[in-house]
Amino acid sequence: MTRRTLKLGAVLLGVGGPGQHDTWLSPEIPGDASVDIRWYIARARQAEAAGFDHVFIVDSQFITPDSPHHYLNRLEPLTLLSAVAVHTSHIGLVGTLTTSYNDPFNVARRLASLDLISGGRAGWNVVATGDGGTAGNYGRDEHYDYATRYGRALEHVRVVQGLWDSYEDDAFPRDKRGGVFFDPARQHALHHKGEHFSVAGPLNIERSPQGQPVIFQAGDSEEGRDLGAGIADAIFTHAQTVAQGQAFAADIRARARAKGRNPDEVLIVPGISLTIADTDEQAREKERRALAGKDFRRALKELGRPFGWHDFTAYDLDAPFPEVSHLGARSFKTQAEQITRLARENGFTLRQTVQHTLESRRSPFVGSPLTVANEIQRWFEAGALDGVNVTVTVPSEFALFTDRVLPILRERGVVRDGYEATTLRGNLGLPVPENRWTAAKSSLVD
């Protein structure tokens, strides 16, 4: 049996995402890092040199003046990753594409193209858009409700997977001597007609060496968890404690098993933030300074995102948290409900709620390289995670992890010594999905 090893992802956030209000001020970060392809290539190479499994590009398509700096001005994920692909050779390339405001055929073709360009290293982070304002950018008066968003997401992914099977693996003999370029018997139209989509097919691109791009997904609502358990190879999440991580993993795997899937083929890869210094005391002081430097006004503005970018500046900061959870119904409903419940149960004012959101960014992965390595190993061996997604902004901070923490984990056998495959699926230890048409023929023979 192959030894289980920790999977590694790098989330590239340029000038800084939510809560990273001053990140862009670092002299190591170009002011235009979020739109500078050279910055992304350099960070991807840094991660590849450290043996990371993938880089991950987050995305959304609606902004306000108060959106995080990185969100205001950033490159489209698959365009970006296609450029990174030709400057790397092993690291996976995972990009976010929404099922709410894309059609399956275009998504299937774009991701299959990235998969071929990279030699089988593409991954799709499936999202059902939470930012309700996105509707106005796509000709809709109103954003989809939760049931529609997730019903559409499931059908969307199934259609894309069907399109990725348009060609069996041996559909293109390319036999110049025999004059046979293509075997039409191995091309298959989809002819899908469903609740949300009608797609004829076939897709005009062959399968890559990994069969299909790896599917990632994030979502903590009931609908989100159920979707992830049904379609995802790997799930992005967040947890503050080992117990929370264990509970999430157990829930997802139970749902996957109930859907007839092998639960061991669903990886749990939470996002983590790191604060590393020579000693634990220095790391805690480093974290304290970082938290003290958070901009309260920007945090107050960012608090509005789960509530459909509701403007909280109009409220008395020292009055009880307002009853606005309903505003998250067509946005990030679960997050809005969690914030409202936290405030109500603790009797928080609006000011205290914002302060709590800032302080809750404290990470369990703070300390010396040895302390951080020990903590990551503890979570991993407890089954609270299968891998980690590390936020990357300042290169020297990322290097503290790659150059000082990873060698400890590698020496202990927690992290593999080097790449074991040329595809993302291979390095994640995931099987290549068999083409459905080839599988159907095999079952007839059997």
Side-chain angles (χ1 to χ4, degrees), residues 2 5 7-12 37-38 40-57 75-97 106-126 157 160-161 163-176 181-182 186-187 202-216 232-234 265 267 269 387 389 392 415-436 438:
T2 303
T5 54
K7 311 307 176 188
L8 299 170
V11 185
L12 308 185
I37 191 60
R38 295 167 298 180
Y40 289 99
I41 291 170
R43 301 290 72 74
R45 283 175 161 175
Q46 185 180 4
E48 186 169 66
F52 270 60
D53 293 282
H54 65 268
V55 293
F56 171 48
I57 306 299
L75 298 174
E76 188 279 322
L78 295 199
T79 308
L80 183 168
L81 290 170
S82 293
V84 172
V86 298
H87 291 276
T88 54
S89 57
H90 285 83
I91 196 164
L93 308 163
V94 183
T96 299
L97 287 175
N106 279 337
V107 167
R109 191 181 188 203
R110 290 161 63 193
L111 281 160
S113 296
L114 175 62
D115 214 19
L116 281 183
I117 289 168
S118 64
R121 294 185 282 134
W124 175 21
N125 177 39
V126 174
V157 172
V160 168
Q161 290 174 319
L163 288 169
W164 283 336
D165 278 350
S166 293
Y167 288 117
E168 295 180 58
D169 291 334
D170 54 356
F172 292 94
R174 298 184 177 97
D175 178 3
K176 292 190 176 184
F181 177 77
F182 162 61
R186 286 171 168 75
Q187 180 195 70
L203 189 67
N204 56 340
I205 191 166
E206 66 183 315
R207 280 160 56 103
S208 83
Q210 68 172 351
Q212 295 186 359
V214 177
I215 291 182
F216 292 73
D233 299 301
E265 293 176 1
L267 304 175
V269 284
N389 281 293
V392 179
V415 174
R416 63 165 188 261
D417 288 330
Y419 289 107
E420 298 172 345
T422 58
T423 68
L424 178 55
R425 282 189 181 277
N427 286 316
L428 292 177
L430 297 169
V432 174
E434 186 177 15
N435 181 285
R436 66 189 64 193
T438 304

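Everything numeric here is computed off the predicted structure, so don't read it as measured data. Residue numbers start at 1 and run along the sequence shown.
- At least one side-chain heavy atom of S113 sits less than 4.5 Å from a side-chain heavy atom of I205.
- Rounded to the nearest 0.5 Å, atoms OG1 (T79) and CD1 (I37) are 9.0 Å apart.
- Here the straight-line distance linking atom CG of L81 with atom CG of L12 works out to 8.5 Å at 0.5 Å rounding.
- Between L93 and L78 the shortest side-chain heavy-atom distance does not fall below 4.5 Å.
- With respect to R121, the side-chain hydrogen bond (donor to acceptor under 3.5 Å, both in side chains) criterion is satisfied by exactly one of N427, D115, T88: T88.
- A donor-acceptor pair under 3.5 Å is absent between the side-chain atoms of W164 and the main chain of G211, judged by distance alone.
- In this structure, CG on L267 lies 7.0 Å from NZ on K7, to the nearest 0.5 angstrom.
- When each of V157, L97, T96, V107 is paired with V126, the side-chain contact (heavy atoms from CB on, under 4.5 Å) condition holds for V157 and for no other.
- One finds the CD atom of E420 at 10.5 Å from the CG atom of L428 (value rounded to the nearest 0.5 Å).
- No donor-acceptor pair under 3.5 Å is formed between the side chain of S208 and the backbone N or O of L116.
- Within the structure, every pair that satisfies the salt bridge (Lys or Arg N to Asp or Glu O under 4.0 Å) test and touches residues 422-435, not counting sequence neighbours, is listed here: D233-R425.
- Contact of the R43 side chain with the V55 side chain is not registered, since no non-hydrogen atoms from C-beta on lie closer than 4.5 Å.
- How far CD1 of I57 is from CG of L80: 5.0 Å, rounded to the nearest 0.5 Å.
- Residues W124 and F216 form no side-chain contact, since every pair of their non-hydrogen atoms from C-beta on lies 4.5 Å or further apart.
- For the pair T5/V415, no side-chain contact is recorded, criterion being any heavy-atom separation below 4.5 Å from C-beta on.
- In terms of heavy atoms, A234 sits closest to V269 at CB-CG2, 4.2 Å.
- Closest approach of I91 to A44, counting heavy atoms only: CD1-O, 4.0 Å.
- Taking each heavy atom of A10 and N389 in turn, the nearest pair found is N-OD1, 4.4 Å.
- When the shell of 6.0 Å around CZ of R436 is examined, it contains more than 12 heavy atoms from other residues, nucleotides or ligands.
- You'll find the side chain of V214 stays beyond 4.5 Å of the side chain of H54, heavy atoms only.
- Relative ring orientation between H90 and Y419 is described as parallel, the plane-to-plane angle staying below 30° on a 0-90° scale split at 30° and 60°.
- Using modelled atom types, one side-chain atom of S166 and one backbone atom of L203 make a donor-acceptor pair closer than 3.5 Å.
- Sorted by first and then second residue, the salt bridge (Lys or Arg N to Asp or Glu O under 4.0 Å) pairs with a member in residues 46-56 read D53-R416; sequence neighbours excluded.
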Exercise for the section: May I have the step-by-step check of side chain to side chain donor-acceptor pair (under 3.5 Å) for Q212 and D165, ending in yes or no? Expected result: CA-CA 8 Å; Q212 295 186 359; D165 278 350; 3.2 Å; yes

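- Distance CG/D170 to CZ/R207: 11.0 Å, rounded to 0.5 Å.
- Closest heavy-atom contact between P209 and T423: CB-CG2, 4.1 Å.
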